[in-house]
Amino acid sequence: MRRRDSILKNLDWPIVFLYIILVVMGWFNIFASVYDPETAFNIFDISLNSGRQLLFIGGSVILIVVILLLDFRIYESFAPYLYLLFILLLMGVLVFGAKINGARAWFDLGIFRLQPSEFTKLATGLLLARYVSNNNVKLTEFKHQLIALFIIFLPVGFIMLQPDLGSSLIFFAFVLPLFREGLPAIYLIVAGAFAIVGVLTLLLPLKIIIIIALIVGIIWVVVTSRSVSNIVITSLLILLSVGFSYGFGYAFENLVPKYQKDRILVIFDSNSVDPLGAGYNLNQSKIAIGSGGFSGKGFLEGTQTKYGYVPEQSTDFIFSTLAEEHGWLGSFVVIALFVFLMIRITVIAERQKFKFARFYGYAVAAIIFFHFTINIAMTIGLFPVVGIPLPFFSYGGSSLWSFTIMLFVLLKMDMHRTQVLSR
C-alpha cells in the first residue's frame with residue numbers, strides 16, 4: 001500500500017491526464033474513420049481498427065504498470081543493449097519482414113504487426129542521453145559530435161533500406177536536444193540556410209538563385225564589414241550555396257524516385273502532378289479538412305470520412321477525420337492539448353537533477369514535436385506525404401506502444417529525480 005501511495009504521489013498527473021485524453025480522443029476518431037452507417041458495427045468490434053486499437057490501449061496499460069514498477073536505473077544501465085537489440089531487429093526486418101505498401105518495415109506476428117523503427121526511437125534516445133551525460137563528453141568538440149551523430153543516424157541507414165522515408169526523418173529530432181547540451185548553434189544556422197536554398201531550388205531556376213545569392217552577399221558585406229577577410233568568406237559562402245543548389249537540383253531530378261518527387265512537387269503546385277495519383281491523398285485530405293468549417297459536421301457525420309475518399313484515414317490522415325467532423329474548433333482543442341503536453345514535458349525535462357534524464361526528456365519532447373508537426377503539416381499540404389502517425393491518436397500498436405513507453409519512462413525518471421542515477 002505504501003509503495004502504491006508513493007507512485008500516486010510522485011507521478012506527474014497533468015501528463016497522465018493529457019495522455020488519457022489524447023488516447024481516448026484518438027480511439028473515437030479511429031472509429032469515425034472506419035464507421036459504416038449501413039452496418040451494425042460498433043466501436044468495440046475487433047474486426048475494425050477501433051476494436052483492435054482498444055486492445056492496443058489495454059496493452060499500453062500493462063506497459064505503463066510494468067514501467068512504473070521497474071527500477072528507474074535500468075533505463076540508463078541497459079541503454080547500450082537495448083540499442084543493439086533494435087539495430088539487430090532493423091537488420092532482421094530487411095530479411096524477414098513483411099512488405100507492405102512498398103516497405104519492408106514490419107514483422108508480421110499474425111495477430112498484429114510490429115514495426116522495429118518505432119521502438120528504435122526509444123533506444124536511440126536512451127543511448128544518446130547516456131553518452132551525452134558522460135562527464136568526459138563535450139559537444140563543443142568535433143569527435144564527440146561525430147559519435148553523437150553516429151548514434152542518431154546508424155538506425156536511419158537501415159530504415160532507409162526498407163525504405164521508410166517518414167520514419168527516417170523523425171530521427172533528425174534527436175539533433176535538437178544536443179543544442180541544449182552545448183552543440184554549437186552554427187550547425188542549426190547552416191542547416192536552416194541549406195533548407196532554404198533547397199526549397200528555392202525547387203521553385204526557381206538556378207540563374208535566379210545565383211542572382212539572389214549575389215544580392216544577399218553584397219548586402220551582407222555592406223552592412224557588416226568591407227574587410228578583405230569578410231569579402232572572401234562571403235564569396236565562398238555564395239559559391240557553396242550555388243554549388244549546393246546545383247547539386248540538390250541534379251539529385252532531385254535524377255536520383256529521387258518519381259513518386260517521391262511528385263509528393264514534394266504537389267505541395268508547391270497541386271496541378272503539377274496527376275490529381276488522381278500522387279496528389280490524390282493530399283487533395284482529398286484538404287477537402288475533408290476544409291469541409292469541416294468552424295464546428296464540423298458532427299461525430300460520425302463526415303462525408304469524406306464515411307465514404308472513404310481519404311486513404312489511410314485512421315493512420316496517417318487521422319487529423320482530416322478530426323477536422324471534418326469537429327471543424328476548426330475541435331482541431332484547435334487537439335492542437336492545444338499537444339502543445340500543453342510538449343510544454344509540460346520540457347518543464348519536466350528542465351527540472352531534472354541529472355543530465356541523463358534531462359536530455360532524455362528533451363528527446364521525448366522533440367520526437368513528439370516532429371511527429372505532431374509533420375503529420376498535421378502533411379495533411380494540410382505544407383509537407384510531403386511521408387507516412388508519419390499522429391502520436392497517441394493514429395491507429396497502430398507499434399506507434400501507440402512506443403510513444404507510451406517513451407513518455408512513461410520519462411515519468412518514471414521524474415518520480416526519482418532527486419535520487420542518483422548510476423550505471
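- Atom CG of Leu22 is separated from atom CG of Leu341 by 6.5 Å, given to the nearest 0.5 angstrom.
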Exercise. Kindly indicate, with the supporting measurements, whether the criterion side-chain contact (heavy atoms from CB on, under 4.5 Å) is fulfilled by Ile87 and Met91.
Key: CA-CA 6 Å; Ile87 291 296; Met91 297 169 65; 4.2 Å; yes

Exercise. Determine, stepwise, if the pair Phe107 / Arg113 fulfils side-chain contact (heavy atoms from CB on, under 4.5 Å).
Key: CA-CA 6 Å; Phe107 287 114; Arg113 298 175 187 145; over 6 Å; no

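- With contacts defined as side-chain heavy-atom distances shorter than 4.5 Å, the pair Phe158/Thr120 does not qualify.
- Scanning both residues, His144 and Leu139, for their nearest heavy atoms gives O-CD2, 4.2 Å.
- Counting only distance, with no hydrogens or angles, the side chain of Lys412 and the backbone of Leu68 share a donor-acceptor pair below 3.5 Å.
- In this structure, Asn375 contributes its side chain and Ile388 its backbone to a donor-acceptor pair below 3.5 Å.
- A donor-acceptor pair under 3.5 Å is formed between the side chain of Ser320 and the backbone N or O of Phe317.
- Remark: the backbone N or O of Glu181 is not paired with any side-chain donor or acceptor of Tyr362 at under 3.5 angstrom.
- Pairing each heavy atom of Glu324 with each of Ala288, the nearest pair is CB-O, 3.3 Å.
- Of all heavy-atom pairs between Pro80 and Arg130, the closest is CG-NE, 3.7 Å.
- In this structure, CH2 in Trp220 is found 10.0 Å from CD1 in Ile233, a value given to the nearest 0.5 Å.
- There is a side-chain donor-acceptor pair under 3.5 Å between Gln145 and Tyr187.
- Residues Phe408 and Val16 have side chains in contact (heavy-atom distance under 4.5 Å, counting atoms from C-beta outward).
- Contact annotation: the side chain of Ile67 approaches that of Tyr75 to within less than 4.5 Å [non-hydrogen atoms, C-beta and beyond].
- You'll find the ring centres of Phe171 and Phe370 outside the 6.0 Å limit.
- Of the N and O atoms on the side chains of Lys297 and Ser291, at least one donor lies less than 3.5 Å from an acceptor on the other residue.
- Taking CG of Leu382 as the start and CD1 of Ile374 as the end, the distance is 12.0 Å to the nearest 0.5 Å.
- Arg180 and Glu350 are joined by a salt bridge, as a carboxylate oxygen and a charged side-chain nitrogen come within less than 4.0 angstrom of each other.
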Quiz item: After noting the C-alpha distance and the side-chain angles of Phe392 and Tyr19, does the key distance pass the ring-ring contact (aromatic ring centres under 6.0 Å, His included) rule?
Solution: CA-CA 8 Å; Phe392 313 114; Tyr19 169 82; 5.4 Å; yes

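- No donor-acceptor contact under 3.5 angstrom links the side chains of Ser33 and Asn49, judged on distance only.
- Side chain to side chain, Lys121 and His371 meet the donor-acceptor criterion of an N or O pair below 3.5 Å.
- Expressed to the nearest 0.5 Å, how far CD1 of Ile189 lies from CZ of Phe194 amounts to 13.0 Å.
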Quiz item: So Leu82 and Leu127, side-chain contact (heavy atoms from CB on, under 4.5 Å) or not? Walk me through it.
Solution: CA-CA 8 Å; Leu82 193 64; Leu127 182 61; over 6 Å; no

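- In terms of modelled atom types and a separation under 3.5 Å, the side chain of Glu325 and the main chain of Gly292 share no donor-acceptor contact.
- Between the side chains of Ser399 and Ser394, no donor-acceptor pair of N or O atoms lies under 3.5 Å.
- For the residue pair Arg417 and Phe354, the shortest heavy atom distance occurs at O-CE1, 3.6 Å.
- The two residues Leu411 and Asp12 make their nearest non-hydrogen contact at CD2-CB, 4.0 Å.
- Taking the six-membered ring wherever Trp is involved, the centroid distance between the rings of Trp27 and Phe44 falls below 6.0 Å.
- In Phe28, the CZ atom is not crowded: 12 or fewer heavy atoms of neighbouring residues, nucleotides or ligands sit closer than 6.0 Å.
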Exercise. Evaluate side-chain contact (heavy atoms from CB on, under 4.5 Å) for Val334 paired with Phe393, printing each intermediate quantity in order.
Key: CA-CA 10 Å; Val334 170; Phe393 227 81; 4.1 Å; yes

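- Using a distance-only test at 3.5 Å, with no hydrogens or angles considered, no donor-acceptor pair links the side chain of Ser295 to the main chain of Gly327.
- In the displayed structure, Leu236 atom CG is contacted under 6.0 Å by more than 12 heavy atoms of other residues, nucleotides or ligands.
- No side-chain heavy atom of Leu122 sits under 4.5 Å from any side-chain heavy atom of Ser402.
- Taking each heavy atom of Asp316 and Met378 in turn, the nearest pair found is O-CE, 3.5 Å.
- In summary, Asp45 and Arg52 do not engage in a salt bridge, as defined by a charged side-chain N under 4.0 Å from a carboxylate O.
- You'll find the side chain of His326 reaches within 4.5 Å of the side chain of Phe299, heavy atoms only.
- Within 6.0 Å of CZ on Phe96 lie no more than 12 heavy atoms contributed by other residues, nucleotides or ligands.
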Quiz prompt | salt bridge (Lys or Arg N to Asp or Glu O under 4.0 Å) assessment of Arg358 paired with Asp414 | solution = CA-CA 9 Å; Arg358 183 177 70 214; Asp414 182 60; over 6 Å; no

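- Checked against a 6.0 Å centroid threshold, the rings of Trp328 and Phe332 count as neighbours.
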